[in-house]
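Take a look at the structure below.
Bear in mind the structure is a predicted one, so any value in this text is a computation, not a measurement.
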Amino acid sequence: MKNPKLKLGVLYSSGKDSNYATYLMQQEGHSIECLITVKSKNQDSYMFHTPNIDFSRMQSEAMDIALIEEISKGEEEIEIEDMKSAIKKAQERYLIEGVVTGALYSSYQKDRIERICNELGLEVFSPLWHIDQEAEMRKLLELGFEFIFSSVAAYGLNKDWLGKIITDKQIDKLVRLNEKVGLNIAGEGGEFESFVIDSPMYNKRIEIKDYEIVERDEYTAHLIIKDAELLEK
């Protein structure tokens, strides 16, 4: 068989990239058995997305896909073992044969994930690897993904970007910032983090009822979701 259909677990962050990677692997006919979320206590973790990670539970419910959560102190390199523990649980509980990542350009993340999966005898799929940044953002909107920025940390961005559903108009602004100051259009350099509230995979959409914005400085701020609910589509 040229492309065998596999049971897969997704390293899931609640953001656009892991959601899009999940969608692409589903479209190829693979079975997404579970989402794997590592909840880091270190907001500046090298490996893991941290904003509003608790609401990945609501996203897993929206997709009707099981969720495995692992707590990590977020200590560099030690957190890799926490990820290995989470993936191993997925392997034992759901008999996954491979792991999906939303990695775009981070060799730091991709190399470590591949090393762990190699040790566990699992395949790794990174369907977004080196995808065109603007093309990814446009395609997400075309496919019906709805997402907000949950944090910003770059010149040219500020708290006004937070909490709004991203449209082509915002992507146009990101393209101009890329041309002007080199900002990564897909946020791969940590310029922003995202949170997906709806997608083609969601049976219900998420409505954020209440949130708080915490501003560190003119170009750095994050959004804390305080209350949200699932709504019928």
Side-chain angles (χ1 to χ4, degrees), residues 10-22 36-56 59 72-80 82-83 100-114 126-140 145 147-166 170-197 211-225:
V10 179
L11 285 172
Y12 190 79
S13 70
S14 79
K16 63 179 177 59
D17 298 329
S18 59
N19 274 274
Y20 189 26
T22 303
I36 304 165
T37 294
V38 180
K39 297 167 65 173
S40 176
K41 293 183 178 180
N42 176 9
Q43 285 195 352
D44 299 314
S45 166
Y46 284 87
M47 275 297 296
F48 305 115
H49 173 110
T50 57
N52 303 299
I53 195 68
D54 286 340
F55 284 88
S56 58
Q59 292 168 313
S72 172
K73 290 182 180 179
E75 297 173 12
E76 189 175 0
E77 296 304 336
I78 295 175
E79 63 185 357
I80 307 303
D82 298 326
M83 178 178 68
V100 181
T101 88
L104 288 169
Y105 283 88
S106 174
S107 294
Y108 180 93
Q109 294 177 333
K110 187 169 181 283
D111 291 349
R112 283 157 178 76
I113 293 166
E114 288 178 349
S126 300
L128 306 183
W129 189 244
H130 286 188
I131 191 174
D132 180 86
Q133 299 162 24
E134 182 183 352
E136 183 213 11
M137 296 290 278
R138 303 282 189 197
K139 191 66 176 178
L140 283 165
F145 284 79
F147 59 96
I148 63 169
F149 285 1
S150 53
S151 72
V152 292
Y155 176 79
L157 302 179
N158 59 37
K159 65 179 181 179
D160 294 337
W161 283 78
L162 300 179
K164 298 180 176 68
I165 294 175
I166 298 302
Q170 275 86 40
I171 297 174
D172 291 342
K173 290 180 181 178
L174 293 173
V175 170
R176 290 196 292 272
L177 282 169
N178 171 263
E179 293 167 350
K180 184 178 178 181
V181 298
L183 179 139
N184 187 298
I185 297 167
E188 177 70 357
E191 291 89 345
F192 59 83
E193 301 281 6
S194 59
F195 181 84
V196 175
I197 60 174
Y211 64 84
E212 175 187 359
I213 290 177
V214 177
E215 191 176 17
R216 286 192 188 179
D217 57 49
E218 186 179 355
Y219 305 115
T220 311
H222 63 274
L223 178 147
I224 301 169
I225 299 173

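- When all heavy atoms of Ile53 and Tyr12 are compared, the closest pair comes out as CD1-O, 4.4 Å.
- Ile197 CD1 to Ile225 CD1: the interatomic distance, rounded to the nearest 0.5 Å, is 9.0 Å.
- Each of Ser13, Ser56, Ser194 was evaluated against Ser18; a single residue qualifies, Ser13, per the side chain to side chain donor-acceptor pair (under 3.5 Å) test.
- Here the side chains of Ile185 and Arg138 are not in contact, with every heavy-atom distance at 4.5 Å or above.
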- Applying side-chain contact (heavy atoms from CB on, under 4.5 Å), run through Tyr105 and His130 and close with a yes or a no. CA-CA 6 Å; Tyr105 283 88; His130 286 188; 3.2 Å; yes
- Can you check side-chain contact (heavy atoms from CB on, under 4.5 Å) on Gln59 and Val196, steps first, answer last? CA-CA 8 Å; Gln59 292 168 313; Val196 175; 4.0 Å; yes
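- Counting all heavy atoms, side chain and backbone alike, Glu188 lies closest to Glu191 at N-OE1, 3.8 Å.
- Scanning all heavy atoms of the two residues, the minimum distance from Glu215 to Glu218 falls at OE2-CA, 4.2 Å.
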Below 3.5 Å, can you tabulate the donor-acceptor pairs from side chains in residues 152-166 to any protein atom, sequence neighbours excluded?
| from | atom 1 | to | atom 2 | distance (Å) |
| --- | --- | --- | --- | --- |
| Asn158 | OD1 | Asp160 | N | 2.8 |
| Lys164 | NZ | Asp160 | O | 2.6 |

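- The nearest pair of heavy atoms linking Leu104 to Lys16 is CD1-NZ, 4.3 Å.
- Between the CG atom of Asp17 and the CZ atom of Phe147 there is a distance of 9.0 Å, given to the nearest 0.5 Å.
- Atom CD of Glu212 is surrounded by more than 12 heavy atoms from other residues, nucleotides or ligands within 6.0 Å.
- Considering every non-hydrogen atom in both Asn52 and Ser150, the closest pair reads ND2-CB, 3.7 Å.
- The nearest pair of heavy atoms linking Gly102 to Leu128 is O-CD1, 3.9 Å.
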- List the steps, then state whether side-chain contact (heavy atoms from CB on, under 4.5 Å) holds for Met137 with Leu174. CA-CA 10 Å; Met137 296 290 278; Leu174 293 173; 3.9 Å; yes
- Item | Working for side-chain contact (heavy atoms from CB on, under 4.5 Å), residues Tyr20 and Glu136 | CA-CA 9 Å; Tyr20 189 26; Glu136 183 213 11; 3.8 Å; yes
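- For the atom pair Lys110 NZ and Trp129 CH2, the distance stands at 5.5 Å (nearest 0.5 Å).
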